[in-house]
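Below, read A as the first sequence line, B as the second, and so on, with proteins coming before strands; counting in each chain starts at 1. On a predicted model such as this, the values are computed, not experimentally measured, just so you know.
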Protein chains: 2
Amino acid sequence: MAAVLALADLKQQVRPTTWLNSIIKGDCVAALEALPDKSVDAIFADPPYNLQLGGTLHRPDQSLVDAVDNEWDQFASFEAYDAFTRAWLLACRRVLKPNGTIWVIGSYHNIFRVGAMMQDLNFWLLNDIVWRKTNPMPNFKGRRFQNAHETMIWASKDAKAKSYTFNYEALKASNDDVQMRSDWLFPICSGGERLKGDDGKKVHPTQKPESLLARVIMASTKPGDVILDPFFGTGTTGAVAKRLGRNFVGIEREQDYIDAAAERIATVEPLGKAELVVMTGKKAEPRVAFNTLVESGLVRPGQVLTDARGRYSAIIRADGTLTANGEAGSIHRLGAKVQGLDACNGWTFWHFNDGTSLKPIDDLRAIIRNDLAKIG
Amino acid sequence: MAAVLALADLKQQVRPTTWLNSIIKGDCVAALEALPDKSVDAIFADPPYNLQLGGTLHRPDQSLVDAVDNEWDQFASFEAYDAFTRAWLLACRRVLKPNGTIWVIGSYHNIFRVGAMMQDLNFWLLNDIVWRKTNPMPNFKGRRFQNAHETMIWASKDAKAKSYTFNYEALKASNDDVQMRSDWLFPICSGGERLKGDDGKKVHPTQKPESLLARVIMASTKPGDVILDPFFGTGTTGAVAKRLGRNFVGIEREQDYIDAAAERIATVEPLGKAELVVMTGKKAEPRVAFNTLVESGLVRPGQVLTDARGRYSAIIRADGTLTANGEAGSIHRLGAKVQGLDACNGWTFWHFNDGTSLKPIDDLRAIIRNDLAKIG
DNA sequence: GAAGCAGTTGAATCAAGCG
DNA sequence: TCGCTTGATTCAACTGCTT
């Protein structure tokens with residue numbers, strides 16, 4: 001796990017899977033050229049933010065604020081930053097599978113340029129996600145609002161890509177059974193999770209919290225997927241991917257970051273397969289025809305179904321269709337017909353009387369599915 | 001108040017202040033050309049979002065989602081949208097005073113293009129602000145995260161403009177004595193605030209809540225300032241500006257929107273000067289989390305609070321402080337003052353009349369907390 | 001009157017699979 | 001790739017009616 005590859009070595013590799021779960025040392029764009037077309041399922045990118053800091057900043061007690069002033073965050077102009085952004089986004093685009101998705105995180109310094117470029121390159125924006133920080137850095141000068149969030153853009157390869165992975169049901173179940181919103185609340189990376197050098201100083205100035213990556217990965221990938229991080233840093237993406245049973249590829253220029261990341265990832269224990277099963281909704285469940293309910297005896301021909309309030313009724317026929325008012329059709333078609341609508345989910349519309357109350361026939365479908373699950 | 005000017009009339013005006021507190025009918029860029037250089041203190045712009053909707057969308061119950069499909073939101077391409085954005089931003093730039101600031105609101109469909117263009121035109125981004133919606137529209141198909149926020153960009157005219165208005169102390173005092181963050185929580189505009197036509201349908205598809213505008217205006221302008229809204233719509237900016245003792249200029253193309261806005265603004269009662277004093281510096285020393293009640297409309301500026309037996313009374317000011325007997329301060333400080341005590345819990349001391357009895361404002365705080373708890 | 005239920009609605013780039 | 005069929009899918013707030 002987490003082998004480190006020199007770019008020259010990688011280009012000579014014959015078996016393409018050699019780069020799986022490794023960190024490629026080198027410039028982001030050059031390294032990406034060594035990866036095959038359409039080879040990764042998801043990308044998480046935390047590019048340089050192009051912070052435009054003037055001078056130093058002191059706290060009210062005169063201590064110095066440790067700002068991001070690394071060489072890799074210096075760009076001569078917006079034009080230079082745009083050219084850089086375009087290059088790595090295009091390189092990412094090539095290696096992304098047709099139904100893959102890409103996440104990019106940034107702040108107001110760079111995210112607008114990145115988002116506009118993504119649209120220009122035909123990426124299709126699915127959401128912008130706000131990471132609300134529980135413990136953001138204060139604004140010391142009192143001249144602006146406290147900068148308490150960062151923004152992530154989630155996009156598919158183009159507008160036509162409809163089959164991207166989105167584990168909707170699992171997210172909803174993990175969120176008190178309501179849809180996951182576009183604003184997420186997480187602490188910044190600190191404490192034991194924050195990698196520190198022998199000198200006690202943080203190894204990387206912008207290490208992201210694992211909780212954030214965990215939600216990204218659980219939301220938009222499946223176990224076994226390949227996740228690329230073209231700005232790997234100290235390897236949060238790799239560590240979380242490994243823990244969650246995904247594969248990763250990291251690209252990083254700085255040897256210090258690579259060393260820290262490799263060491264970190266080596267200590268990660270992957271979760272077992274049982275814990276990684278992604279909860280799926282009805283979409284992914286086996287399709288059950290209404291006729292199966294008739295065949296299994298859960299309902300019988302001649303039985304009357306009604307809507308939840310008993311305003312509409314229909315009779316079950318032996319072939320698994322319904323009939324009412326001289327019309328006949330599937331549970332969906334007839335449900336729509338009696339209501340005068342174009343469409344209707346018959347499973348939730350039609351109810352049966354179980355002796356005490358009206359219950360949706362979807363409950364009976366659940367019984368069938370439960371039996372099917374036992375068989376495997 | 002809220003005179004409506006034809007563009008041809010305006011160009012013949014001699015006295016420049018004629019356009020104050022009026023709605024200019026016409027195209028945004030053309031109308032802006034009629035305003036003098038460096039004549040407005042702040043700009044709030046809610047431009048078309050350039051939504052690119054496919055077919056129609058039905059709810060699970062088959063009802064139709066009323067989408068934004070107005071002609072004014074149709075652009076042929078990103079290039080066309082960029083050209084439009086560049087034109088109105090440049091025109092706004094000219095009329096903005098050197099130390100003025102501009103707010104632009106948008107969603108992921110357009111905000112990245114707008115933000116990048118603002119940087120290209122040399123605006124200096126101060127913050128991006130996230131408006132988190134307490135009650136956003138769900139995602140019906142379950143293919144994305146629920147789109148639960150919009151983004152505002154706040155910028156000064158250029159990096160050198162240091163003397164822009166930012167009422168830091170008042171914001172902090174109104175926010176439990178901690179800095180105001182970049183993520184704000186407000187409900188969408190609905191209920192009685194939402195303008196409806198004779199047919200009962202909403203007049204404008206994207207009317208913004210007054211609470212949002214109130215925080216924008218209280219944060220970044222002073223009483224008497226001139227606030228320009230180049231996409232005036234139904235005049236939320238004008239209504240809030242008038243209520244808060246600011247001047248406005250609105251630009252709008254559609255006569256229906258102008259009519260609704262003019263009528264709406266005419267009914268607005270400006271607050272008194274005493275309630276509008278903006279707290280500055282540390283001498284006022286408020287210690288309250290009271291302003292959220294003002295912004296949310298649970299209490300209103302000018303409203304009278306009393307103690308449980310009605311012996312003492314005070315008036316709520318727009319910045320979330322109270323005033324009584326020529327004294328002013330936080331709910332706690334003023335509660336102590338009127339009783340001649342050193343300290344007082346304003347939340348339990350001050351009461352409001354709910355129509356039948358006096359109830360502590362702590363009950364209102366509980367409502368806010370309840371809302372917050374739902375979201376996490 | 002209060003409480004509760006049913007219906008409505010909000011800036012939406014909102015399906016998947018098969019022939 | 002297009003067109004057709006099948007069938008999957010909602011949260012919070014407000015309004016108005018019934019109990």
Exercise for review: Could you tell me whether B:Glu263 atom CD has more than 12 heavy atoms of other residues or ligands within 6.0 Å of it?
Suggested key: no

Between side-chain atoms of residues 326-338 of chain A and protein atoms elsewhere (two or more places apart, or another chain), which donor-acceptor pairs fall under 3.5 Å?
residue	atom	partner	partner atom	Å
A:Ser330	OG	A:His332	N	3.3
A:Ser330	OG	A:Arg333	N	3.0
A:His332	ND1	A:Gly346	N	2.9

Check your understanding: Is it true that the side chains of A:Tyr168 and A:Gln179 contain a donor and an acceptor less than 3.5 Å apart?
Key -> yes

Point to revise | B:Asn135 side-chain proximity, nearest of D:dA13, C:dA11, C:dA12 | key: D:dA13

Check your understanding: Does A:Arg181 put a side-chain nitrogen or oxygen below 4.0 Å from OP1 or OP2 of D:dA12?
Key -> no

Revision key, fill the gap. Picking from D:dT9, C:dA11, D:dT6, the nucleotide nearest the side-chain atoms of A:Asn345 would be D:dT9

**Study point:** First encountered from the 5' end of DNA chain C, between B:Val68 and B:Asn139
**Key:** B:Val68

Practice item. Taking the side chain as every heavy atom from C-beta outward, state whether A:Tyr312 and A:Thr306 have any atom pair closer than 4.5 Å. Key: no

Point to revise | Electrostatic pair B:Glu210:B:Arg264 at N-O distance under 4.0 angstrom | key: yes

Check your understanding: What's the closest nucleotide to the B:Leu57 side chain, out of C:dA12, C:dA15, D:dC14?
Key -> C:dA12

Practice item. Could you please name the option among C:dC14, C:dA11, D:dA13 that lies closest to any side-chain atom of B:Lys208? Key: C:dA11

Review point. Which nucleotide sits closest to the side chain of B:Glu150: C:dA11, D:dA8, D:dA13?
Key: C:dA11

Practice item. Among the candidates C:dG10, C:dA16, C:dA12, find the nucleotide nearest to the side-chain atoms of B:Ile188. Key: C:dG10

Review point. Given that B:Met137 and B:Gly191 both sit by DNA chain D, which one's nearest nucleotide is further toward the 5' end?
Key: B:Met137

Review point. Side-chain N or O of B:Arg143 less than 4.0 angstrom from OP1 or OP2 on D:dT9?
Key: no

**Study point:** Closest to side chain of A:Ser163, choosing from C:dC14, C:dA11, C:dG17
**Key:** C:dG17

Exercise for review: Select one nucleotide: of C:dA11, D:dC14, D:dT10, the one nearest the side-chain heavy atoms of B:Trp72.
Suggested key: C:dA11

Exercise for review: Please determine, for the side chain of B:Ser190, which listed nucleotide (D:dC14, C:dA11, D:dT10) has the closest atom?
Suggested key: D:dC14

Review point. Under a 3.5 Å cut-off on both pairing distances, which runs of 3 or more consecutive Watson-Crick or G-U pairs involve DNA chain C?
Key: C:2-10 with D:11-19, C:15-19 with D:2-6

Review point. Does B:Lys133 put a side-chain nitrogen or oxygen below 4.0 Å from OP1 or OP2 of D:dA12?
Key: no

Point to revise | Selected nucleotide, minimal atom distance to B:Asp66 side chain, candidates D:dT6, C:dG10, D:dA8 | key: C:dG10

Check your understanding: With distance as the sole test, does B:Tyr81 use its side chain to make a donor-acceptor pair with the main-chain N or O of B:Pro48 at under 3.5 Å?
Key -> yes

Point to revise | Nearest-nucleotide comparison on DNA chain C, the residue closer to the 5′ end among B:Ser63 and B:His109 | key: B:Ser63

Review point. Side-chain N or O of A:Lys162 less than 4.0 angstrom from OP1 or OP2 on C:dA16?
Key: no

Check your understanding: Do any N or O atoms from the side chain of A:Trp184 and from the backbone of A:Arg181 form a donor-acceptor pair under 3.5 angstrom?
Key -> yes

